[in-house]
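The figures that follow rest on heavy atoms only: side chains count, while hydrogens, waters and symmetry mates do not. Chain letters run A, B, ... following the sequence lines, proteins first and then strands; every chain starts at 1.
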There are 2 protein chains.
Amino acid sequence: MTRKTFRRLAKDDRRHGLLEATLDCIGEHGLNGASARRIADRAGVTPGLIRHYFGSKDEMVRAAYAYLMEQLTDRAEEAARDASQDPDEALARFIGANVMTPSLSVRHVSLWATFIGRVESEPGYSTIHRDGYREFLEALERLIHPVLAAHGRPADPATCQGLAIAMNGLIDGLWIEGSLGHGLYDPARLPRIVLAAAEGLLRLPDQTLLRHLPALAPT
Amino acid sequence: MTRKTFRRLAKDDRRHGLLEATLDCIGEHGLNGASARRIADRAGVTPGLIRHYFGSKDEMVRAAYAYLMEQLTDRAEEAARDASQDPDEALARFIGANVMTPSLSVRHVSLWATFIGRVESEPGYSTIHRDGYREFLEALERLIHPVLAAHGRPADPATCQGLAIAMNGLIDGLWIEGSLGHGLYDPARLPRIVLAAAEGLLRLPDQTLLRHLPALAPT
DNA sequence: CCCGCTGTTATACAGTCGTGCAACAGTCGG
DNA sequence: CCGACTGTTGCACGACTGTATAACAGCGGG
């Protein structure tokens, strides 16, 4: 029995590989089937490394949750970042991007849901969840405020936050159901649906957001 | 070693007890920690019964998912059933009830999310998910249509479905985040937020739904 | 009252779980 | 080219997993 050959990787590379393998396994087999052995296999290492890098499997899974949330919020904010100077277009881009590929992803929704299910009882999860949610909410508020102001609608902080909360719910809900692909409707309808809903929700004139729909075409 | 005393229950009672215990365990410990022994313990029986009633643990968990979805849709439709004849009020009640106790429940959201995370890969789950989603969507369409018609807004099937999809997203998203109680805002604000958003989304005149807010006070 | 049906328990089994630990082997500085 | 540091492996351990099966006991029908 010959010993497995291996390469010594930089600390961050190995951590990254393990986290990615953890998410892969959880996405495919759930927290159940994501055993230390299976994750190590997927990462191309032996289970002992988990202890070496994360102390325990639970700790690694927790780190994977944080890593996932980072990915999700980064991706969301990226859509707004490369938006034009036009506040309407920036908001439309942000909202639309969240219900289109690559955001619309079964893998991401499955992972997100799996972790959400443990937020209440797993120590440390609630902080990760709250931070991600807050970040998303604040990004939304930053995008909504100038749009409201430009159209002469009330934009005090309380109003703005309430609208951001509703908008976040709208986006999240459509993101989840759209990603799961139950076949009840064509997900390609989602950008139009969500932008029309957002216009109404914010009491914006017709086409304020919808006219930027063509700009959302997948590059 | 004395043998455990027991009562012979009606088939449905025992099944119900096991399903409820299954959901309890999954809610508290996730699909991971919900072992056959722990579930049996919670139900006050021995693990062997699982095989007797469901054939296997996986089959029981699947049945528990279907059982949960039935509970959730029943509860949602109940809110609309005991609504008055006024279409506006019926819609307002339905929407509002979904972001208030008892619908706003960490246990329910945790369970829902845990199962959603497995919809993609676990055989049979997607059907349960789709059926529940379709039922919710259709209930929403039935409530939205008369409201649109009464206010002279376009109410063709395609428009109606699109609005129901958006409304469902809005409700789901707020239900999830509101139930998790992250402390970023007071969940008591949700009924007002969701009704205001729904009015805008459907392009209804101000206060069409919001004026029924007082009628939603927890009985 | 007691027999028989069957819902229920108890036990055993092979497999997998997470992880602690000692030995190994890559890799880098000298 | 060699020595030393440490990232990585391999294995062992006890606990726990799901489930098969045989023995038991509650309960209704006669």
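Taking a 4.0 Å limit (strictly below) on heavy-atom distances, residues 53-67 of chain B reaches DNA chain D at B:Ser56, B:Lys57. Listed in residue order, the members of residues 9-32 of chain A having a heavy atom less than 4.0 Å from DNA chain D are A:Leu9, A:Arg14.
Listed pair B:His52 / C:dT8 fails the phosphate criterion, with no side-chain N or O lying under 4.0 Å from OP1 or OP2. Under 4.0 angstrom from either OP1 or OP2 of C:dA10 there lies no side-chain N or O belonging to B:Thr46. For C:dT16, neither phosphate oxygen OP1 nor OP2 lies less than 4.0 angstrom from any side-chain nitrogen or oxygen of A:Ser35.
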Subject >> Stepwise side chain to side chain contact (heavy atoms under 4.5 Å, CB included) check, A:Tyr67 with A:His16 >> reply: CA-CA 9 Å; A:Tyr67 173 70; A:His16 179 270; 2.9 Å; yes
**OP:** Apply the test salt bridge (Lys or Arg N to Asp or Glu O under 4.0 Å) to residues B:Arg189 and B:Asp186: give CA-CA distance (whole Å), side-chain angles for both, the deciding distance (0.1 Å), then the verdict.
**Re:** CA-CA 6 Å; B:Arg189 291 177 61 191; B:Asp186 182 0; over 6 Å; no
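Take the nearest nucleotide of DNA chain D for B:Arg7 and for A:Arg7: the residue whose nucleotide is more 5' is A:Arg7. Between B:Lys4 and B:Arg38, the residue whose closest nucleotide on DNA chain D is further toward the 5' end is B:Arg38.
The nearest whole Å value for the distance from the CG atom in A:Asp41 to the P atom in C:dG18 is 13 Å. Here the C1' atom of nucleotide D:dT8 and the CZ atom of A:Phe6 are 4 Å apart, to the nearest Å. For A:Leu49 and C:dT19, the CG to P distance is 14 Å, given to the nearest whole Å. Protein atom CD1 of B:Ile50 is 8 Å distant from nucleotide atom P of D:dG18, rounded to whole Å.
By the salt bridge (charged side-chain N to carboxylate O under 4.0 Å, His left out) test, A:Asp24 pairs with A:Arg42, A:Arg107, sequence neighbours left out. Considering only residues two or more places apart in sequence or on other chains, B:Asp41 meets the salt bridge (charged side-chain N to carboxylate O under 4.0 Å, His left out) condition with none of them. Qualifying salt bridge (charged side-chain N to carboxylate O under 4.0 Å, His left out) partners for A:Glu59, counting only residues two or more places apart in sequence or in other chains: A:Arg62.
Using modelled atom types and a 3.5 Å distance limit, the side chains of B:His29 and A:Glu122 yield no donor-acceptor pair. Using a 3.5 Å distance cut-off with no hydrogens or angles, the side chains of B:Tyr125 and B:Glu120 do not pair a donor with an acceptor.
Heavy atoms from other residues, nucleotides or ligands lying under 6.0 Å from CZ of A:Arg130 number more than 12.
When the nucleotides D:dT8, D:dA25, C:dG18 are ranked by their closest atom to the side chain of B:Arg3, D:dA25 comes out on top.
Heavy atoms of B:Arg37 sit under 4.0 angstrom from at least one base atom.
Every pair tested for salt bridge (Lys or Arg N to Asp or Glu O under 4.0 Å) that includes a residue from residues 9-19 of chain B fails, sequence neighbours excluded, so the list is empty.
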